[in-house]
Asker: 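Handing you a structure now.
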Amino acid sequence: MPQLAVFPKGYLDDIMFRKSMTVYEWIALAAPLPVAGLEMHYLFFEGMAEAEVDRVREACTTAGLAVPMLCFSPDYTLPDRAQRLAELEKQKRAIDLIARLGGRYCRTLSGQNWPRLDRATAVRGCVEMIRAAADYAGERGVILNMENHYKESFWDYPEFALRSEVFLEIVDQIDSPAFGINFDPSNAIVAGEDPLTVLEQIKERVVTMHASDRYLAGGTLADLRRLERDPLHGYARSIQHGVIGRGLNDYDAIFRTLRGVRFDGWISIEDGVNGMDELRQSAEFLNEKIAQHFGA
(Lines give C-alpha, C1' and ligand atoms only; values in the text may rest on other atoms or scores of the structure.)
Protein backbone atom coordinates (compact mmCIF):
# COMPACT_ATOMS: atom_id res chain seq x y z
CA MET A 1 0.00 0.00 0.00
CA PRO A 2 1.30 3.51 -0.77
CA GLN A 3 2.67 5.52 2.14
CA LEU A 4 2.16 9.21 2.76
CA ALA A 5 4.93 11.76 3.20
CA VAL A 6 4.89 15.55 3.41
CA PHE A 7 7.05 18.25 1.82
CA PRO A 8 7.32 21.76 3.35
CA LYS A 9 6.11 23.63 0.27
CA GLY A 10 4.94 26.56 2.39
CA TYR A 11 8.22 26.82 4.29
CA LEU A 12 10.85 26.37 1.58
CA ASP A 13 12.04 29.98 1.58
CA ASP A 14 12.10 30.01 5.39
CA ILE A 15 14.36 26.96 5.52
CA MET A 16 16.52 27.45 2.41
CA PHE A 17 16.97 31.19 2.03
CA ARG A 18 15.70 33.28 4.95
CA LYS A 19 17.02 30.70 7.45
CA SER A 20 14.14 31.60 9.78
CA MET A 21 13.25 27.92 10.24
CA THR A 22 15.61 25.00 10.81
CA VAL A 23 15.17 21.48 9.49
CA TYR A 24 14.69 20.37 13.10
CA GLU A 25 11.85 22.86 13.56
CA TRP A 26 10.19 21.55 10.42
CA ILE A 27 10.49 17.97 11.69
CA ALA A 28 8.85 18.98 14.97
CA LEU A 29 6.10 20.85 13.13
CA ALA A 30 5.37 17.89 10.83
CA ALA A 31 5.62 15.15 13.46
CA PRO A 32 1.95 15.38 14.62
CA LEU A 33 0.63 15.04 11.05
CA PRO A 34 -0.86 11.67 10.00
CA VAL A 35 2.04 10.83 7.66
CA ALA A 36 4.84 8.26 7.65
CA GLY A 37 7.65 10.29 6.12
CA LEU A 38 9.21 13.61 5.17
CA GLU A 39 10.43 14.59 1.74
CA MET A 40 13.50 16.80 2.09
CA HIS A 41 15.09 19.33 -0.27
CA TYR A 42 18.75 19.18 -1.23
CA LEU A 43 19.28 22.82 -0.26
CA PHE A 44 18.23 22.13 3.34
CA PHE A 45 21.61 20.44 3.71
CA GLU A 46 23.84 22.83 1.77
CA GLY A 47 27.16 23.11 3.63
CA MET A 48 26.03 20.65 6.29
CA ALA A 49 28.63 18.19 7.63
CA GLU A 50 27.93 14.47 7.40
CA ALA A 51 27.63 14.20 11.17
CA GLU A 52 24.87 16.81 11.12
CA VAL A 53 23.10 14.96 8.31
CA ASP A 54 23.17 11.91 10.53
CA ARG A 55 21.62 13.94 13.36
CA VAL A 56 18.80 15.02 11.05
CA ARG A 57 18.15 11.39 10.18
CA GLU A 58 18.14 10.51 13.89
CA ALA A 59 15.68 13.32 14.62
CA CYS A 60 13.34 11.98 11.95
CA THR A 61 13.64 8.45 13.32
CA THR A 62 12.88 9.71 16.82
CA ALA A 63 9.79 11.46 15.45
CA GLY A 64 8.71 8.20 13.78
CA LEU A 65 9.27 9.55 10.29
CA ALA A 66 11.17 8.08 7.33
CA VAL A 67 12.98 10.23 4.77
CA PRO A 68 12.02 8.45 1.54
CA MET A 69 12.57 11.22 -1.02
CA LEU A 70 14.92 14.08 -1.79
CA CYS A 71 13.91 17.02 -3.99
CA PHE A 72 16.71 18.11 -6.33
CA SER A 73 16.54 20.43 -9.34
CA PRO A 74 19.35 20.02 -11.89
CA ASP A 75 19.50 22.26 -14.92
CA TYR A 76 20.52 19.90 -17.71
CA THR A 77 19.57 22.34 -20.48
CA LEU A 78 22.49 24.67 -19.85
CA PRO A 79 24.21 25.33 -23.19
CA ASP A 80 27.74 24.23 -22.28
CA ARG A 81 28.37 20.52 -21.64
CA ALA A 82 30.84 21.42 -18.86
CA GLN A 83 27.99 23.24 -17.11
CA ARG A 84 25.74 20.21 -17.51
CA LEU A 85 28.45 17.95 -16.11
CA ALA A 86 28.72 20.28 -13.10
CA GLU A 87 24.96 19.84 -12.58
CA LEU A 88 25.45 16.07 -12.83
CA GLU A 89 28.04 16.20 -10.05
CA LYS A 90 25.53 18.05 -7.86
CA GLN A 91 22.95 15.39 -8.69
CA LYS A 92 25.40 12.70 -7.60
CA ARG A 93 25.90 14.49 -4.27
CA ALA A 94 22.12 14.60 -3.88
CA ILE A 95 21.97 10.85 -4.53
CA ASP A 96 24.66 10.30 -1.89
CA LEU A 97 22.67 12.49 0.51
CA ILE A 98 19.37 10.62 0.22
CA ALA A 99 21.25 7.33 0.60
CA ARG A 100 22.81 8.66 3.83
CA LEU A 101 19.37 9.75 5.04
CA GLY A 102 18.11 6.22 4.50
CA GLY A 103 15.84 7.07 1.58
CA ARG A 104 15.42 5.60 -1.86
CA TYR A 105 14.30 8.32 -4.29
CA CYS A 106 16.13 11.36 -5.66
CA ARG A 107 14.28 13.72 -7.99
CA THR A 108 15.64 14.87 -11.30
CA LEU A 109 14.39 17.36 -13.89
CA SER A 110 15.25 18.41 -17.42
CA GLY A 111 16.17 22.02 -16.72
CA GLN A 112 15.04 25.49 -17.67
CA ASN A 113 13.46 26.36 -20.99
CA TRP A 114 16.12 28.92 -21.82
CA PRO A 115 15.42 31.41 -24.64
CA ARG A 116 16.34 30.15 -28.12
CA LEU A 117 16.85 26.62 -26.83
CA ASP A 118 17.02 24.04 -29.61
CA ARG A 119 14.71 21.18 -28.66
CA ALA A 120 16.65 18.31 -30.23
CA THR A 121 19.95 19.49 -28.75
CA ALA A 122 18.41 20.02 -25.32
CA VAL A 123 16.78 16.58 -25.33
CA ARG A 124 20.10 14.92 -26.18
CA GLY A 125 21.87 16.79 -23.39
CA CYS A 126 19.19 15.87 -20.84
CA VAL A 127 19.17 12.21 -21.84
CA GLU A 128 22.96 11.96 -21.57
CA MET A 129 23.03 13.47 -18.06
CA ILE A 130 19.99 11.61 -16.72
CA ARG A 131 21.31 8.26 -17.97
CA ALA A 132 24.59 8.90 -16.17
CA ALA A 133 22.75 9.97 -13.01
CA ALA A 134 20.58 6.83 -13.11
CA ASP A 135 23.68 4.64 -13.44
CA TYR A 136 25.21 6.34 -10.39
CA ALA A 137 21.94 6.03 -8.45
CA GLY A 138 21.61 2.36 -9.23
CA GLU A 139 25.06 1.64 -7.82
CA ARG A 140 23.92 3.17 -4.52
CA GLY A 141 20.51 1.57 -4.25
CA VAL A 142 18.70 4.81 -5.16
CA ILE A 143 16.04 5.40 -7.82
CA LEU A 144 16.11 8.59 -9.85
CA ASN A 145 12.55 9.89 -10.21
CA MET A 146 11.96 12.48 -12.93
CA GLU A 147 9.01 14.79 -12.32
CA ASN A 148 6.58 16.21 -14.85
CA HIS A 149 7.55 19.58 -13.47
CA TYR A 150 6.40 23.16 -14.03
CA LYS A 151 9.08 25.45 -12.58
CA GLU A 152 11.57 25.54 -9.72
CA SER A 153 10.87 28.58 -7.53
CA PHE A 154 14.39 30.01 -7.94
CA TRP A 155 14.59 29.47 -11.71
CA ASP A 156 14.07 32.28 -14.20
CA TYR A 157 12.24 30.11 -16.74
CA PRO A 158 9.73 27.24 -16.61
CA GLU A 159 10.70 23.62 -17.20
CA PHE A 160 11.98 22.61 -20.63
CA ALA A 161 9.98 19.35 -20.43
CA LEU A 162 6.82 21.18 -19.33
CA ARG A 163 4.74 19.77 -22.18
CA SER A 164 4.16 16.05 -21.92
CA GLU A 165 5.38 15.43 -25.48
CA VAL A 166 8.85 16.74 -24.53
CA PHE A 167 8.77 14.94 -21.17
CA LEU A 168 7.95 11.67 -22.91
CA GLU A 169 10.63 12.21 -25.54
CA ILE A 170 13.19 12.29 -22.72
CA VAL A 171 11.89 9.53 -20.41
CA ASP A 172 11.30 7.13 -23.31
CA GLN A 173 15.07 7.17 -23.89
CA ILE A 174 15.95 6.29 -20.28
CA ASP A 175 15.92 2.51 -19.86
CA SER A 176 17.19 1.75 -16.37
CA PRO A 177 15.83 -0.09 -13.33
CA ALA A 178 17.14 2.86 -11.31
CA PHE A 179 14.89 5.34 -13.13
CA GLY A 180 11.19 6.13 -12.75
CA ILE A 181 8.69 8.98 -12.74
CA ASN A 182 7.44 11.24 -9.97
CA PHE A 183 3.93 12.12 -11.14
CA ASP A 184 2.49 15.51 -10.16
CA PRO A 185 -1.11 15.93 -11.36
CA SER A 186 -1.22 19.62 -10.41
CA ASN A 187 1.76 20.40 -12.63
CA ALA A 188 -0.17 18.94 -15.56
CA ILE A 189 -3.07 21.28 -14.78
CA VAL A 190 -0.85 24.33 -14.51
CA ALA A 191 0.73 23.32 -17.82
CA GLY A 192 -2.73 23.30 -19.40
CA GLU A 193 -2.96 19.51 -19.78
CA ASP A 194 -5.33 16.86 -18.43
CA PRO A 195 -3.60 15.03 -15.53
CA LEU A 196 -5.41 11.77 -16.30
CA THR A 197 -4.29 11.87 -19.92
CA VAL A 198 -0.71 12.47 -18.83
CA LEU A 199 -0.91 9.71 -16.21
CA GLU A 200 -2.28 7.20 -18.71
CA GLN A 201 0.87 7.62 -20.80
CA ILE A 202 3.32 7.13 -17.93
CA LYS A 203 1.44 5.02 -15.36
CA GLU A 204 3.63 1.94 -15.69
CA ARG A 205 6.74 3.97 -14.78
CA VAL A 206 5.39 6.00 -11.86
CA VAL A 207 7.40 5.19 -8.71
CA THR A 208 6.43 8.18 -6.54
CA MET A 209 3.86 10.95 -6.60
CA HIS A 210 3.49 14.56 -5.51
CA ALA A 211 0.00 15.36 -4.22
CA SER A 212 -1.52 18.81 -4.12
CA ASP A 213 -4.61 20.47 -5.51
CA ARG A 214 -5.44 23.61 -7.41
CA TYR A 215 -8.51 25.75 -7.86
CA LEU A 216 -9.26 28.61 -10.18
CA ALA A 217 -9.49 32.06 -8.63
CA GLY A 218 -11.52 33.08 -11.67
CA GLY A 219 -12.53 31.73 -15.06
CA THR A 220 -12.43 28.18 -16.38
CA LEU A 221 -9.80 25.65 -17.40
CA ALA A 222 -10.35 26.70 -21.01
CA ASP A 223 -9.54 30.25 -19.94
CA LEU A 224 -6.41 29.02 -18.16
CA ARG A 225 -5.08 27.44 -21.34
CA ARG A 226 -5.42 30.79 -23.10
CA LEU A 227 -3.84 32.89 -20.34
CA GLU A 228 -0.43 34.48 -20.45
CA ARG A 229 1.56 32.95 -17.60
CA ASP A 230 3.80 35.02 -15.39
CA PRO A 231 7.19 34.72 -17.20
CA LEU A 232 9.22 35.16 -14.00
CA HIS A 233 7.35 33.09 -11.46
CA GLY A 234 6.08 30.60 -14.01
CA TYR A 235 2.56 30.12 -12.64
CA ALA A 236 -0.71 31.38 -14.03
CA ARG A 237 -1.94 33.91 -11.52
CA SER A 238 -5.54 32.68 -11.70
CA ILE A 239 -4.74 29.23 -10.29
CA GLN A 240 -4.17 28.78 -6.56
CA HIS A 241 -3.28 26.13 -3.97
CA GLY A 242 -6.04 24.64 -1.82
CA VAL A 243 -6.94 21.70 0.40
CA ILE A 244 -6.45 18.43 -1.49
CA GLY A 245 -9.75 16.94 -2.58
CA ARG A 246 -11.51 20.26 -3.05
CA GLY A 247 -9.81 21.40 -6.24
CA LEU A 248 -9.42 20.39 -9.86
CA ASN A 249 -7.68 17.03 -9.41
CA ASP A 250 -9.82 13.87 -9.44
CA TYR A 251 -8.00 11.75 -6.86
CA ASP A 252 -10.47 8.88 -7.16
CA ALA A 253 -9.64 8.56 -10.85
CA ILE A 254 -5.91 9.07 -10.23
CA PHE A 255 -5.79 6.39 -7.55
CA ARG A 256 -7.88 3.97 -9.60
CA THR A 257 -5.34 4.29 -12.41
CA LEU A 258 -2.39 3.79 -10.05
CA ARG A 259 -4.09 0.85 -8.34
CA GLY A 260 -4.49 -0.72 -11.78
CA VAL A 261 -0.69 -0.82 -12.19
CA ARG A 262 -0.12 -1.96 -8.57
CA PHE A 263 1.52 1.30 -7.50
CA ASP A 264 2.83 1.03 -3.94
CA GLY A 265 5.28 3.94 -3.72
CA TRP A 266 5.40 7.09 -1.62
CA ILE A 267 2.90 9.90 -2.11
CA SER A 268 4.36 13.19 -0.90
CA ILE A 269 2.05 16.10 -0.08
CA GLU A 270 3.56 19.13 -1.79
CA ASP A 271 1.44 21.75 -0.13
CA GLY A 272 0.93 23.76 3.04
CA VAL A 273 1.29 27.21 1.48
CA ASN A 274 -1.84 28.25 3.39
CA GLY A 275 -0.75 26.80 6.72
CA MET A 276 -0.55 23.61 8.73
CA ASP A 277 -4.32 23.27 9.20
CA GLU A 278 -4.82 22.85 5.45
CA LEU A 279 -1.87 20.47 5.35
CA ARG A 280 -3.50 18.29 8.01
CA GLN A 281 -6.81 18.30 6.16
CA SER A 282 -5.02 17.26 2.97
CA ALA A 283 -3.23 14.42 4.77
CA GLU A 284 -6.48 13.17 6.27
CA PHE A 285 -8.17 13.23 2.86
CA LEU A 286 -5.33 11.34 1.20
CA ASN A 287 -5.15 8.73 3.95
CA GLU A 288 -8.86 8.09 3.47
CA LYS A 289 -8.46 7.76 -0.29
CA ILE A 290 -5.40 5.51 0.00
CA ALA A 291 -7.33 3.18 2.30
CA GLN A 292 -10.32 3.25 -0.04
CA HIS A 293 -8.44 2.48 -3.24
CA PHE A 294 -5.42 0.45 -2.09
CA GLY A 295 -6.58 -1.12 1.16
CA ALA A 296 -8.59 -4.01 -0.25
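FYI, side chains are in, hydrogens and waters are out, and symmetry mates aren't considered; it's all heavy atoms of this structure. Numbering of residues begins at 1 and proceeds along the displayed sequence.
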Asker: Looking just at side-chain N and O atoms, do Q112 and D156 make a donor-acceptor pair shorter than 3.5 Å?
Answerer: no
Asker: Verify, without hydrogens or angle tests, whether D213 (side chain) and G247 (backbone) share a donor-acceptor contact under 3.5 angstrom.
Answerer: yes
Asker: NZ/K9 to CD/E270 distance, rounded to the nearest 0.5 angstrom?
Answerer: 4.5 Å
Asker: Do I269 and M40 sit in the same hydrophobic cluster, where Ile, Leu, Val, Met, Phe, Trp and Tyr count as joined when their side-chain heavy atoms come under 4.5 Å apart?
Answerer: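 Yes; M40 is reachable from I269 via cluster members.
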Asker: Would you say N182's side chain and N145's backbone share a donor-acceptor pair under 3.5 angstrom?
Answerer: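 Judged by distance alone, no pair lies under 3.5 Å.
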Asker: What is the minimum heavy-atom distance between G111 and T77, and which atoms define it?
Answerer: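 What the structure gives for the nearest pair is C-OG1, 3.5 Å.
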Asker: For P34, does its backbone N or O pair with a side-chain atom of N287 as donor and acceptor, under 3.5 Å?
Answerer: yes
Asker: Taking the side chain as everything from C-beta on, heavy atoms only, tell me whether F45 gets closer than 4.5 Å to H41.
Answerer: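 Side-chain contact under 4.5 Å: no.
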Asker: Any Lys/Arg nitrogen of R119 or E165 sitting under 4.0 Å from an Asp/Glu carboxylate oxygen of the other?
Answerer: yes
Asker: If every non-hydrogen atom of P195 is compared with every non-hydrogen atom of N249, which pair is closest and at what distance?
Answerer: CG-OD1, 3.7 Å
Asker: List in chain and number order the residues that pass side chain to side chain donor-acceptor pair (under 3.5 Å) with S212, two or more places apart in sequence or in another chain; answer none if no residue qualifies.
Answerer: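 For S212, the residues satisfying side chain to side chain donor-acceptor pair (under 3.5 Å) (neighbours in sequence not counted) are S186, R214.
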Asker: Do you see a donor-acceptor pair shorter than 3.5 Å between the side chains of S73 and D75?
Answerer: no
Asker: So, R107 and E147, do they make that salt bridge, N to O below 4.0 Å?
Answerer: yes
Asker: To the nearest 0.5 Å, what is the distance between CG (D14) and NZ (K19)?
Answerer: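 D14 atom CG to K19 atom NZ measures 11.0 Å (nearest 0.5 Å).
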Asker: Which atom pair, heavy atoms only, marks the closest approach of R104 to G141?
Answerer: CG-O, 3.9 Å
Asker: Indicate yes or no: does E200 engage K203 in a salt bridge with an N to O separation below 4.0 Å.
Answerer: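 Yes.
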Asker: Just by modelled atom types, is the L78 backbone N or O under 3.5 Å from a matching donor or acceptor in the R84 side chain?
Answerer: yes
Asker: Who passes side-chain contact (heavy atoms from CB on, under 4.5 Å) against Q3, sequence neighbours left out?
Answerer: A36, W266
Asker: V206 versus L199: any side-chain heavy-atom pair under 4.5 Å?
Answerer: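 Answer yes - side chains close enough.
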Asker: Could you check whether any side-chain N or O of E25 sits under 3.5 Å from a backbone N or O of T22, counting only pairs where one atom can act as donor and the other as acceptor?
Answerer: yes
Asker: Would you say R131 and S176 are linked by a side-chain donor-acceptor pair, where the criterion is simply a distance under 3.5 Å?
Answerer: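 Checked: S176/R131 side chains show no N/O donor-acceptor pair below 3.5 Å.
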Asker: What's the shortest heavy-atom distance between A211 and I267, and which atoms?
Answerer: CB-CG2, 3.8 Å
Asker: Taking the side chain as everything from C-beta on, heavy atoms only, tell me whether I27 gets closer than 4.5 Å to V56.
Answerer: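 A side-chain contact under 4.5 Å exists here.
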Asker: Tell me whether I143 is reachable from I202 by hopping between hydrophobic residues (I, L, V, M, F, W, Y) whose side-chain heavy atoms are closer than 4.5 Å.
Answerer: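 Result: no, two separate clusters.
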Asker: Please tell me if the side chains of F72 and L97 come closer than 4.5 Å, counting only heavy atoms from C-beta onward.
Answerer: no
Asker: Y11 and L29: side chain to side chain contact (heavy atoms under 4.5 Å, CB included), yes or no, with the steps?
Answerer: CA-CA 11 Å; Y11 301 98; L29 196 61; 3.9 Å; yes
Asker: Under the criterion side chain to side chain contact (heavy atoms under 4.5 Å, CB included), I'd like the reasoning laid out for F154 against L43: C-alpha separation, chi angles, the key distance, then a yes or no.
Answerer: CA-CA 12 Å; F154 50 83; L43 290 178; 3.8 Å; yes
Asker: Report the relative orientation of the aromatic rings in H210 and F7; use parallel for angles under 30°, tilted for 30 to 60°, perpendicular for over 60°.
Answerer: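 Geometry flag for F7 against H210: parallel rings.
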Asker: Measuring from atom CG of L101 to atom CG of L70, what distance do you get when rounded to the nearest 0.5 angstrom?
Answerer: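 One gets 7.0 Å once the value is rounded to the nearest 0.5 Å.
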Asker: Does the side chain of Y76 pick up a donor-acceptor pair with the side chain of Q91 at under 3.5 Å?
Answerer: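 Checked: Y76/Q91 side chains pair up, N/O donor to acceptor below 3.5 Å.
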Asker: For the CD1 atom of I189 and the CG atom of L248, what is their distance to the nearest 0.5 Å?
Answerer: 4.5 Å
Asker: Rounded to the nearest 0.5 Å, what separation is found between the CZ atom of F294 and the NZ atom of K289?
Answerer: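 Here the rounded value is 12.0 Å.
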Asker: Do the side chains of V6 and W26 get nearer than 4.5 Å, heavy atoms only?
Answerer: yes
Asker: Does D96 come within less than 4.0 Å of R93, counting only side-chain N to carboxylate O?
Answerer: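 Here D96 pairs with R93 in a salt bridge, since their nearest N and O are under 4.0 Å apart.
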Asker: Fit a plane to each ring of Y251 and F255, take the angle between them on a 0 to 90° scale, and name the class: parallel (under 30°), tilted (30 to 60°) or perpendicular (over 60°).
Answerer: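 Y251 and F255: perpendicular rings.
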Asker: Count I, L, V, M, F, W, Y as connected when their side-chain heavy atoms are under 4.5 Å apart, and connections chain through other members. Are V207 and I95 then in the same cluster?
Answerer: no
Asker: What's the shortest heavy-atom distance between I170 and S110, and which atoms?
Answerer: CD1-CB, 4.0 Å
Asker: Report the C-alpha separation of V198 and F183 in whole Å, then their side-chain angles, then the decisive distance to 0.1 Å, and conclude whether the side chain to side chain contact (heavy atoms under 4.5 Å, CB included) test is met.
Answerer: CA-CA 9 Å; V198 174; F183 173 60; 4.2 Å; yes
Asker: With a sphere of 6.0 Å drawn around CG of D175, does it hold more than 12 non-hydrogen atoms of other residues, nucleotides or ligands?
Answerer: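 It does not: D175 CG has 12 such atoms or fewer within range.
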Asker: Side chain of R246, backbone of G242: donor and acceptor closer than 3.5 Å?
Answerer: no
Asker: Donor-acceptor pair, S282 side chain versus V243 backbone, under 3.5 Å?
Answerer: no
Asker: Members other than V273 in its cluster, when Ile, Leu, Val, Met, Phe, Trp, Tyr link by side-chain heavy atoms under 4.5 Å?
Answerer: none
Asker: Hey, are the side chains of M69 and I98 touching, using non-hydrogen atoms and a 4.5 Å cut-off?
Answerer: no
Asker: Go through the steps to decide whether M209 and S268 satisfy the test side chain to side chain contact (heavy atoms under 4.5 Å, CB included), and finish with yes or no.
Answerer: CA-CA 6 Å; M209 177 179 166; S268 181; over 6 Å; no
Asker: Let me check something: do M146 and I174 share a hydrophobic cluster, defined by ILVMFWY side-chain heavy atoms less than 4.5 Å apart, either directly or through other members?
Answerer: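 As far as the 4.5 Å side-chain criterion goes, I174 and M146 are connected within one cluster.
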Asker: Going by an N to O cut-off under 4.0 Å, is there a salt bridge joining R55 and E58?
Answerer: no
Asker: Near E139 CD, under 6.0 Å, is it more than 12 heavy atoms from other residues, nucleotides or ligands?
Answerer: yes
Asker: Give a yes or no on whether a salt bridge exists between E50 and R100, defined as a side-chain N under 4.0 angstrom from a carboxylate O.
Answerer: yes
Asker: Is the shortest heavy-atom distance from the side chain of M1 to the side chain of D264 under 4.5 Å?
Answerer: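 No, too far: nothing below the 4.5 Å cut-off.
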Asker: Within the 3.5 Å criterion, strictly below it, is a donor on H293 or D252 matched to an acceptor on the partner's side chain?
Answerer: yes
Asker: When rounded to the nearest 0.5 angstrom, what distance separates CD in Q173 from CG in L168?
Answerer: 11.5 Å
Asker: Answer with yes or no whether the hydrophobic clustering places I181 together with Y105; edges join I, L, V, M, F, W, Y residues whose side-chain heavy atoms lie under 4.5 Å apart.
Answerer: no
Asker: Does the pair E89/K92 count as a salt bridge with the N-to-O cut at 4.0 Å?
Answerer: yes
Asker: What's the shortest heavy-atom distance between M129 and L88, and which atoms?
Answerer: O-CD1, 3.6 Å
Asker: Just wondering, do C60 and L38 contact through their side chains at under 4.5 Å, heavy atoms?
Answerer: yes
